[in-house]
J.: 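The structure's right below; bear with me while I get my questions together.
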Amino acid sequence: QVHLVESGGGLVQPGGSLRLSCTASGSIIRLSTMEWHRQAPGKPRELVARLFRDGSSTLTNSVKGRFSVATDNAQRTLWLQMNSLKPEDTAVYFCHSDLGFWGQGTQVTVSS
């Protein structure tokens with residue numbers, strides 16, 4: 001039973017953009033505080049963005065001004081728009097619901 005599925009990762013040059021998607025089963029997004037996390041090789045998983053049920057959001061300092069988080073109108077997909085990407089953004093990106101669900105992750109590689 002799959003609840004969260006990420007997509008949209010890939011290889012991009014520094015300064016480029018990607019949009020990650022997290023497709024959710026049922027009403028998970030509507031009922032959750034949703035998060036994007038990332039984990040780089042050899043580093044702990046870190047919280048990147050959080051979207052609350054009231055529509056407000058927070059971003060970790062290292063991505064402020066470059067990343068944004070949102071959902072579609074139907075609240076079935078969570079997005080992470082990533083602009084001005086840097087090599088240090090390279091990681092596996094995961095979406096998470098505070099109901100206890102994790103996606104399988106999608107790889108983002110920023111390299112020339």
J.: Indicate if Trp79 and Val48 have the same hydrophobic cluster label, given that clusters are the connected sets of ILVMFWY residues with side-chain heavy-atom separations under 4.5 angstrom.
T.: no
J.: Counting N and O atoms only, with roles assigned by atom type, does the side chain of Arg66 sit under 3.5 Å from a partner on the main chain of Ser84, one being a donor and the other an acceptor?
T.: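 Confirmed, Arg66 side chain pairs with Ser84 backbone.
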J.: Drop me the distance from Leu4's CG to Thr23's OG1, to the nearest 0.5 angstrom.
T.: 9.0 Å
J.: Answer whether the closest heavy-atom distance between the side chains of Thr60 and Leu47 falls below 4.5 Å.
T.: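 They are not in side-chain contact.
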J.: Can you give me the closest heavy-atom contact between Leu51 and Ser57, atom names plus distance?
T.: CD1-CB, 4.0 Å
J.: Between atom CZ of Arg53 and atom OG1 of Thr33, what is the distance when rounded to the nearest 0.5 Å?
T.: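 Going from CZ on Arg53 over to OG1 on Thr33, the span is 7.5 Å.
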J.: I need the Cys22 SG to His3 NE2 distance, nearest 0.5 Å.
T.: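 That separation rounds to 12.0 Å.
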J.: Can you name the closest pair of heavy atoms from Gln107 and Val92 and give their distance?
T.: OE1-CG2, 3.2 Å
J.: Restricting to non-hydrogen atoms, name the atom on Gly8 and the atom on Thr106 that form the minimum distance, rounded to 0.1 Å.
T.: N-OG1, 4.2 Å
J.: Is the backbone N or O of Met34 less than 3.5 Å from a side-chain atom of Ser32, with the two atoms forming a donor-acceptor pair by type?
T.: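 Judged by distance alone, no pair lies under 3.5 Å.
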J.: Measure the spacing between OG of Ser62 and CD of Glu88 and express it to the nearest 0.5 Å.
T.: 8.5 Å
J.: Would you say Gln104 and Val5 make side-chain contact, with heavy atoms under 4.5 Å?
T.: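 Sidechains of Val5 and Gln104: in contact.
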J.: Once you round to the nearest 0.5 Å, how far does CG of Asn73 lie from OG1 of Thr71?
T.: 7.5 Å
J.: Can you find a heavy atom in the side chain of Pro14 that is under 4.5 Å from one in the side chain of Val110?
T.: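 Contact flag for Pro14/Val110 side chains = yes.
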J.: Is the shortest heavy-atom distance from the side chain of Leu20 to the side chain of Phe94 under 4.5 Å?
T.: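 When only atoms from C-beta onward are counted, Phe94 and Leu20 do not touch, as no gap falls below 4.5 Å.
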J.: Side-chain contact test, heavy atoms from C-beta onward, threshold under 4.5 Å: evaluate it for Arg38 versus Asp89 and give yes or no.
T.: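 Yes, at least one pair of side-chain atoms sits under 4.5 Å.
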J.: How many angstroms lie between CZ in Phe67 and OG in Ser17, if you round to the nearest 0.5 Å?
T.: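 One finds 9.5 Å between CZ of Phe67 and OG of Ser17.
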J.: If you compare all heavy atoms of Thr77 against all heavy atoms of Ser21, which two are closest, and at what distance to 0.1 Å?
T.: CG2-CB, 4.0 Å
J.: Using the rule that two of Ile, Leu, Val, Met, Phe, Trp, Tyr join whenever any of their side-chain heavy atoms come within less than 4.5 Å, decide whether Ile28 and Trp102 are in one cluster.
T.: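 Looking at the clustering, Trp102 is in a separate group from Ile28.
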J.: Would you kindly confirm whether Leu78 and Leu99 end up in one hydrophobic cluster when ILVMFWY residues are joined by side chain heavy atoms under 4.5 Å apart?
T.: yes
J.: Using the side chain to side chain contact (heavy atoms under 4.5 Å, CB included) rule, pick out the option among His96, Met82, Glu6 that qualifies with Trp36.
T.: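 Output: one option passes, namely Glu6.
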J.: What's the verdict on side-chain hydrogen bond (donor to acceptor under 3.5 Å, both in side chains) for His37 and Glu35, showing C-alpha distance, side-chain angles and the deciding distance?
T.: CA-CA 6 Å; His37 295 247; Glu35 299 170 343; 2.7 Å; yes
J.: Side chains of Ser111 and Leu11: does their closest heavy-atom pair fall under 4.5 Å?
T.: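 Yes. Closest side-chain heavy atoms under 4.5 Å.
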